[in-house]
Participant: 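Sharing a structure here in structure tokens format.
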Amino acid sequence: MSLTSPLFFAFLAAVVIAFHISESVPYRRFVLGAANAIFMASYLSDVTQVLPLLAFLGLGYASIYALYRRQSPLVLTAGVVAILCCYVFLKRFSFFEGLGQLPFPYLTIGLSYILFRILHMMVDVRSGDLTERIGPLAFFRFTCNFLCFVSGPIQRYQDFSAMDGKAAVQIDASVVYAAFSRIATGYVKFVIIAATADYAFTFVSPHLLQPSGYSFLKLCAVYATVASLYTVYLYFNFSGYMDIVIGIGTLLGQTLPENFDRPFSARSFLEFWQRWHMTLSQWFKFYLFNPLLMVLMTWLPTPALTSYLGVLAFFITFGVMGIWHGTTAVFVIYGLLMGAGASINKLWQVACTERLGKKRYRALTESAAYIYSARGLTVAYFVLALTCLWVPELPQFTALLARLGIAGVATTFVVVAVAFGIAALILDVVQARLRILDLSGIKGGVITRNLHLAGKMMAIVAVATLLHKAPDFVYKAF
Amino acid sequence: MQKTEVYSKLTAVFQDVFDEDDLALTPQTTADDVDGWDSLSHIRLVLAVSKAFGVKFSASEIGNLKNVGEFADLIEKKA
Amino acid sequence: MKYILRQSALTLLSFAFLYVLLAGASFLVFPDPSSAGPRDFQAAERTLYMTVPKYVFLGRSVLADPDRKIILVGASNTGVGFRQKLVQSKLGCANVSNLAMGGANISEVKQVINLVHEVQTDRERQQNTFVIGIWFGMFVDSDVHFSDGDRHRGETDVDIERYRYGFYRRTPDGPVAVLPPQWLDAGVMAIRPFLLIEKVAREARAGVNLLLTGRVSAQRTDDERESVVMSDADKQKALAYWKESMGRTNDISPAQVDVLKQTIQALLSSGENVVLVDLPIPAWHRDASPYEPSYRLALKDLLREFGDQPNFLSPNMADLDNDVDYSDEVHAKRHLADVWSIRLANTLDSFVCRQKPDNAPRVTTLRSSELMTNEPQRVSTVAGN
């Protein structure tokens, strides 16, 4: 079901109404479960297509059940290995083409996120964090929650269970308005901003990927434009999707975790990852980075080694995250680039602290010049590293790099960093001015705020009809 | 274990890990308040606390700690 | 629940309020578009519809009346070369409409004819004379021709208009009508607020263009086109462009030839008149292009098949191939367009206006639209023969 299809809105209205007909928890759980099943079924044209997914869920449930019986590391290891093998096989990673494949087409949407949910439950059951017995239906509602099915946010079972079918959110007029408004804002991001950026991207990017007689500077300018457009597209597409999903969640009594916290305001690469795709990065921090670092530090307890162990852990964590994003070699490069970014950032922090001392380093990071330079560098690094996502085939990727050369990449990096730093500075100044004006402004009455909402909807419909292709959700593919 | 006992022992561990002798802890102290308390030293801290108190922490406990108060409560519960 | 319903009602109400407001404004700015009469569809820019495909798709109901009609279809050189006002002024017996669409291939021409048929009754259809303007550049398969990133591969501009407001829905077998064609005008009424928003957006963009570049659009004006002289480099570039766009190395797409054959066949057998115009292009282009020979052959074949049917005509314009009369490798300059238009009007005058309805071939048990959508099917002979 596409998020912009009339079918989806009808489905949504039906689910919300059905959910609120009764306050009985078993009834509401039934409604949510049925909604998940219908949502998944909308992606199928044949029953066989869902069987691999069901098998995957079955394996996950069996592993969790086994861990309840015996909380041993051995059972956990066996379960994790089995789940990962199954996942790699179903996702058809290009590294493992020799494994063969199932002889029929099947559904893989949602698989990546179900993987995280299952692994998290297994680890938490084993460590005793999750003692509650999970029934098969609750397991289904959690792993296949239709709001989070396509692309997260990745919830924790403990949080999900606390509001499963119970009205965790107290609904009143302002909460409902906020939810409607958030959904509308999500669609504005998704249909207007992201789709327009995508439109521009599809027109400009061919000039970059095909040989052309561009001069060096023009080539860099085109690369900077294409890479920035893709970043705008990715962010507004994904965060718009999250706004929609979280807004709907409120109407269904759920508080879903946030996935973005103004990532482009980050003052360092490490901070960026605390603000970008937060539920994913948190998952990796909890279940890969921290345990890995703990093992490394137990082996090598010398405090002086801390940052080097950190670098190693960053590379491994981001490497795995890269491979999770896609099935070709370019995604490994993506992971390594992210790992390198985090490592450079960490080593810089350590070096500065050693050289300047904690207090002077902190004072430095508070100065405007440092802040906007750091913001520019952070965003530029991310924007260029994202190239891996829009040039996912290795031959094309290397061809692009060969055309740009080191000088081209470096120039583009500087251009994006400077442009973003200046833009951020101007925006902040303008915003500060506007805020002063806003204080004396008119307060949103019922009529104004609803007209505002309707205006957004009008704009969404108008822009949606201008586009020739309905916008699709980008992270669905990962 | 008494709360005061937890705090005095915890303060010693913090002072050792962050190499700062005049470090004082309150329940509201967060990573922002302590220079050098980042994702890397957090793990070193957890290891040191585990060793000092003889307790083990799970992945989600380690990840979810928001301030010293929560840390102390967790230790008190486990020790 | 109470709060959700209340908020839904408030939202809908506010939306309806804005909608009515905009709809009202659209009537103030652009009075009722559905008044009858011939239309210069090439003047779409000045209407609420803005583009030719949109105007043709949304405004075609003016073609549903019992009058005699001459309907020009083709690509941009038909649009530029035959000026509706001039042709109309020379023809008293029929209403002339120019439905040519920039960048159309033969498949899209067929779609335009289908769009006209959709709103007409069988009786009204008898009054049609379709003037089909062709040249070799239109014989490109849709999958090759319509493949930019902004559309689903192979979808023509007509398809895009069909889906745009949900009047049709996309299925694996092509577009399926959601809104019955006889409800077209009501549908257009319903989307007027959005047409207005788009119009305003376009005008705003034109304003920005004017401010930045000193002109409204990148398109050349008639006066500018009049003074163009193509250099050798321009010519080489044009040849290279067509080499790349045709998707084949040295001949036109046989599939497109078939589509044209079936289209003409179907029109003739449902009693409509067909005027097939082999549009001239500048001599240098004709002589240098590798596609010309196969196009000639295909055309000869078509004329052999339909040439002797009384409701078929193919006027000769091959003499109008002087290089300097063209503003590029395809399009006639305005002064030549006047010549084209008058010649076409004269041809039509003797073919359509002097033709007594009784002499006109009288057949049709099959609806031509059915024939045309069930492709490879062919109609063997026409009863009038």
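What you see is a predicted model, and the numbers here were worked out from it, not measured in a lab.
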Participant: In terms of heavy-atom pairs under 4.5 Å, which option from A/N450, A/V463, A/V175 contacts chain C the most?
Facilitator: A/N450

Participant: Please round to the nearest 0.5 Å and tell me the distance separating atom CZ of A/R449 and atom OG1 of C/T11.
Facilitator: 10.0 Å

Participant: Looking at A/V461, A/V16, A/L251, which one has more heavy-atom pairs under 4.5 Å with chain C than the rest?
Facilitator: A/V461

Participant: State, yes or no, whether a side-chain contact exists between C/Q7 and A/I171 at a heavy-atom distance under 4.5 Å.
Facilitator: no

Participant: Could you measure the distance from the OH atom of C/Y165 to the OG1 atom of A/T465? Nearest 0.5 Å is fine.
Facilitator: 4.5 Å

Participant: Tell me, side chain or backbone of A/L453 under 4.5 Å from chain C's heavy atoms, or both, or neither?
Facilitator: side chain

Participant: In terms of heavy-atom proximity below 4.5 Å to chain A, should C/F17 be classed as side chain, backbone, both, or neither?
Facilitator: side chain

Participant: Looking at A/F19, A/Y177, A/F201, which has the largest count of heavy-atom pairs under 4.5 Å with chain C?
Facilitator: A/Y177

Participant: Heavy atoms, side chains only, cut-off 4.5 Å: are C/M1 and A/I17 in contact?
Facilitator: yes

Participant: Quick check on C/I4 against chain A: is it the side chain, the backbone, both or neither that has a heavy atom closer than 4.5 Å?
Facilitator: both

Participant: Measure C/F15 against the heavy atoms of chain A and call it side chain, backbone, both or neither at under 4.5 Å.
Facilitator: both

Participant: Please say whether more than 12 non-hydrogen atoms of neighbouring residues, nucleotides or ligands are located less than 6.0 Å from NZ in C/K2.
Facilitator: no

Participant: Could you look at A/F180 and say if it's the side chain, the backbone, both or neither that has a heavy atom under 4.5 Å from chain C?
Facilitator: side chain

Participant: Where is the tightest heavy-atom contact between C/L18 and A/L451, given as atom of each residue plus distance?
Facilitator: CD1-O, 4.0 Å

Participant: More than 12 heavy atoms of other residues, nucleotides or ligands under 6.0 Å from CD1 of A/I447: yes or no?
Facilitator: no

Participant: Could you check whether atom OH of A/Y27 has more than 12 heavy atoms from other residues, nucleotides or ligands sitting under 6.0 Å from it?
Facilitator: yes

Participant: Answer with side chain, backbone, both or neither: which region of C/L12 has an atom nearer than 4.5 Å to a non-hydrogen atom of chain A?
Facilitator: neither

Participant: Using heavy-atom distances under 4.5 Å, tell me whether A/F203 contacts chain C through its side chain, its backbone, both, or neither.
Facilitator: side chain

Participant: If I take atom NZ from residue A/K456 and atom OG from residue C/S14, how far apart are they, to the nearest 0.5 angstrom?
Facilitator: 12.5 Å

Participant: Find out whether A/M458 and C/L22 are in side-chain contact, i.e. whether some heavy atom of one side chain is under 4.5 Å from a heavy atom of the other.
Facilitator: yes

Participant: Counting only heavy atoms not in A/F30, do more than 12 sit closer than 6.0 Å to its CZ atom?
Facilitator: no

Participant: As an exercise: rank C/P193, C/S8, C/A16 by heavy-atom pairs under 4.5 Å with chain A and give me the winner.
Facilitator: C/S8

Participant: Surrounding CD of A/E23 (heavy atoms of other residues, nucleotides or ligands, distance under 6.0 Å), is the total greater than 12?
Facilitator: no

